[in-house]
A.B. asks: 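Sharing a structure with you now.
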Amino acid sequence: MEYCHPPRVAESTYAGYKSPVKNHIMPYFTEHKCLVKEVDSKYVQRYFNSVYKKGLSNKTISNHRAVLSAMFNYARSISELRENPMTDIKPPPKSQPIENYFSAEELVNLLEIVKDSDFKYPVYMAAIYGLRRSEVCGLKWDAVDFHNQQFTIRHTLHELSGDDNRIRVIGKDQTKNKTIKVFPLLREIEAMLLDMKAYQKKLDIYDTSNYIYIKDNGKPVRPNYVTDHFRDLLKKNDLRHIRFHDLRHSCASVLLSDHNRSVSLKDIQVWLGHNNIQSTMRYVHIADMKTKVHTAKLMSEIMFEEVREVQDQ
């Protein structure tokens, strides 16, 4: 962990390494001691058997696998191991993610509920543009170009747990997939941002941190607050439970619900900022279902219309 400590890797990446090490890897290997030079695949496999029994997800276990593999590669580089025992251990199967999302009708209802609240900004930005919460909270005023009617996502905000278990909020001048995303500024979004700007100027907190989404004391809103408040919002209004991140999936669902089918998966890839089409393929079942519904309607018209005409005579 000292070897990969910032600035060798990003602070958020380091936190991602530290969590499985602190919560799972160190406790297990402290209890089941072994000299590094004697580590083999059978020994490491017993660790994975233990985390499978804990019910950890395949994705989480894959993260553990990556961390351990990096550790053993480091051990090889300093001649403590002859080979990486992870090469003989099969990775967990990749499970197709089951997306939970709002339909177009549910999403319109949600937008109506928040339109006059101070929670309008994060919901609108996630539902319409498919932004992640780190991008919503990390958007800055200098990234909004009112003249050219566009805004740019190039900074994100994250919450990390420190060595003392205290939560810290840090900004990062790089998005998850290391690309800069530029979006057109919809008229409704422009009006919302101008209202927020006027309100912040009235409180004399505008541009205190350059962040758009701030509290009345001028401090940025924490990403975890967005998650927690969204859950409470759904419960208060008797709406079906989804995660805040699922608004991103809902955005894709709405785009694919176009009856004219004018939006392709490639369009979704560009809109959501996926690096490759494989990430967008998770939504293919939505597109397939829309196509099947359209086909079913045609089938009904072709096969049963003649029967109805006969019955009417």
A.B. asks: Only counting residues at least two apart or in another chain, list the ones meeting ring-ring contact (aromatic ring centres under 6.0 Å, His included) with H229.
C.D. replies: F119, Y225
A.B. asks: For N210, enumerate each residue passing the side-chain hydrogen bond (donor to acceptor under 3.5 Å, both in side chains) test, keeping only those at least two apart in sequence or located in another chain.
C.D. replies: D142
A.B. asks: What pairs with K115 under side-chain hydrogen bond (donor to acceptor under 3.5 Å, both in side chains), at least two apart in sequence or on another chain?
C.D. replies: E112
A.B. asks: Tell me every residue that passes side-chain hydrogen bond (donor to acceptor under 3.5 Å, both in side chains) with S69, counting only those two or more places apart in sequence or in another chain.
C.D. replies: N84
A.B. asks: Does K197 have any salt bridge (charged side-chain N to carboxylate O under 4.0 Å, His left out) partners at least two apart in sequence or in another chain, and if so, which?
C.D. replies: none
A.B. asks: Hey, is D232 close enough to K235 for a salt bridge, meaning N to O under 4.0 Å?
C.D. replies: no
A.B. asks: Within the 4.5 Å heavy-atom criterion, are V226 and V136 side-chain neighbours or not?
C.D. replies: no
A.B. asks: Could you work out, with salt bridge (charged side-chain N to carboxylate O under 4.0 Å, His left out) as the rule, every residue matching R187, not counting sequence neighbours?
C.D. replies: none
A.B. asks: With E38, which residues qualify under salt bridge (charged side-chain N to carboxylate O under 4.0 Å, His left out), at least two apart?
C.D. replies: none
A.B. asks: Just to verify, what does Y213 make a ring-ring contact (aromatic ring centres under 6.0 Å, His included) with, not counting sequence neighbours?
C.D. replies: Y121
A.B. asks: Please identify each residue that fulfils ring-ring contact (aromatic ring centres under 6.0 Å, His included) with F244, with sequence neighbours left out.
C.D. replies: F230
A.B. asks: Once salt bridge (charged side-chain N to carboxylate O under 4.0 Å, His left out) is applied, do any residues pair with R76, and if so which ones, sequence neighbours excluded?
C.D. replies: none
A.B. asks: List in chain and number order the residues that pass side-chain hydrogen bond (donor to acceptor under 3.5 Å, both in side chains) with E80, two or more places apart in sequence or in another chain; answer none if no residue qualifies.
C.D. replies: none
A.B. asks: Once ring-ring contact (aromatic ring centres under 6.0 Å, His included) is applied, do any residues pair with W141, and if so which ones, sequence neighbours excluded?
C.D. replies: Y206
